[in-house]
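Convention: sequence-line order gives letters A, B, ...; per-chain numbering from 1. From a predicted model like this one, the values you see are computed outputs, not experimental measurements.
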Amino acid sequence: DTGVSQDPRHKITKRGQNVTFRCDPISEHNRLYWYRQTLGQGPEFLTYFQNEAQLEKSRLLSDRFSAERPKGSFSTLEIQRTEQGDSAMYLCASAAGTGQHNEQFFGPGTRLTVL
Amino acid sequence: GENVEQHPSTLSVQEGDSAVIKCTYSDSASNYFPWYKQELGKRPQLIIDIRSNVGEKKDQRIAVTLNKTAKHFSLHITETQPEDSAVYFCAAPGDVGQGGKLIFGQGTELSVKP
């Protein structure tokens, strides 16, 4: 499968625990985005990378959230001290090139449930 | 920043009828408007997009129209089929000239009844 992949697909954790998600973009896509989607809503932008550089973070992203893309390939999203409000689907997307508006290809998402 | 509003939130049509979903945006500088389809339990997938230098774009049974003056764009699906049933999201750029992040509408759940 040459599409965007995410791991794990589901994560159940207790409030206060830390969780980490991984995203593998389409090979050679230099842009990588993280979005969060709650039930009945559209994806909400969290952060994005161009190669290994994190160029923007949403103001909605609290300091409990951190993302990395150390070698410009896969990315990780970590949530520290999880809260019930963090329960959502976390989607990763990648895009090729440096043009402003290239198609974003989404992964299957990681569904997080915080008990 | 950009704000995208989408209507209706749910839409039910008979197979063979047309379906229209409308979105409005706030940033007059926005120049790219994609539409994504998300089937239950699946990832969002791009079905069509339009750039601000054209007013309409068609791809088989799907078309998108753009009215830059009024700052709204619409998705038109003709001859609907049961497999068109899904949630549809419109989107617009979060920051024109920046990294291409998208601001999504709230979604429209389309149900096509056989």
Side-chain angles (χ1 to χ4, degrees), chain A residues 1 3-6 9-10 23-26 29-61 67 69 88-111, chain B residues 1-10 21 23-25 27 29-54 57 59 66 73 75 86-109:
Chain A
D1 185 358
V4 179
S5 61
Q6 292 186 245
R9 296 291 304 278
H10 303 274
C23 170
D24 286 88
I26 293 172
H29 276 192
N30 58 347
R31 288 189 173 174
L32 187 148
Y33 304 82
W34 284 99
Y35 292 87
R36 177 172 62 191
Q37 186 176 28
T38 54
L39 197 63
Q41 298 296 315
E44 178 183 47
F45 171 77
L46 294 178
T47 188
Y48 102 94
F49 293 83
Q50 182 153 323
N51 300 312
E52 66 276 8
Q54 185 175 19
L55 297 186
E56 187 174 356
K57 289 176 62 174
S58 168
R59 283 169 284 182
L60 300 173
L61 210 62
R69 194 182 184 198
M89 176 74 83
Y90 289 83
L91 292 165
C92 174
S94 70
T98 56
Q100 184 184 359
H101 301 309
N102 295 328
E103 179 179 354
Q104 293 187 22
F105 293 83
F106 281 85
T110 294
R111 181 169 295 284
Chain B
E2 178 65 274
N3 184 49
V4 178
E5 297 288 334
Q6 182 172 347
H7 300 279
S9 57
T10 61
I21 303 170
C23 289
T24 60
Y25 61 98
D27 187 347
S30 288
N31 55 5
Y32 173 67
F33 306 94
W35 285 89
Y36 282 81
K37 176 183 180 182
Q38 187 173 29
E39 297 177 21
L40 190 62
K42 301 283 185 68
R43 69 189 75 191
Q45 291 191 301
L46 181 74
I47 54 171
I48 195 168
D49 58 20
I50 191 168
R51 299 173 194 271
S52 61
N53 56 342
V54 297
K57 182 177 179 181
D59 183 3
L66 172 64
F73 57 111
L75 178 71
V87 180
Y88 292 81
F89 294 99
C90 62
D95 287 296
V96 178
Q98 299 298 319
K101 73 179 183 186
L102 294 174
I103 304 301
F104 285 84
Q106 299 87 338
T108 297
E109 183 175 2

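Contacts between A:Gln50 and chain B at a heavy-atom distance below 4.5 Å are absent for every atom of the residue. Contact annotation for A:Leu55: neither backbone nor side-chain heavy atoms come within less than 4.5 Å of a heavy atom of chain B. Within the 4.5 angstrom heavy-atom criterion, atoms from both the backbone and the side chain of B:Pro44 approach chain A.
Interface check for chain A: of the options B:Lys42, B:Arg51, B:Gln45, the most heavy-atom pairs under 4.5 Å are formed by B:Arg51. Ranking A:Gly107, A:Pro43, A:Gly40, A:Ala93 against chain B, the residue ahead of the rest is A:Pro43, based on heavy-atom pairs under 4.5 Å.
A pairwise comparison of heavy atoms in B:Lys101 and A:Gln104 identifies CA-NE2, 4.3 Å as the closest pair.
Atoms CG and CG, on B:Leu46 and A:Asn102 in that order, are 11.5 Å from each other to the nearest 0.5 Å. To the nearest 0.5 Å, the span separating CD on A:Gln6 from CZ on B:Arg43 amounts to 8.0 Å.
Using modelled atom types, one side-chain atom of A:Tyr35 and one backbone atom of B:Leu102 make a donor-acceptor pair closer than 3.5 Å.
The local environment of CD in A:Glu52 is crowded, with over 12 non-hydrogen atoms from other residues, nucleotides or ligands closer than 6.0 Å.
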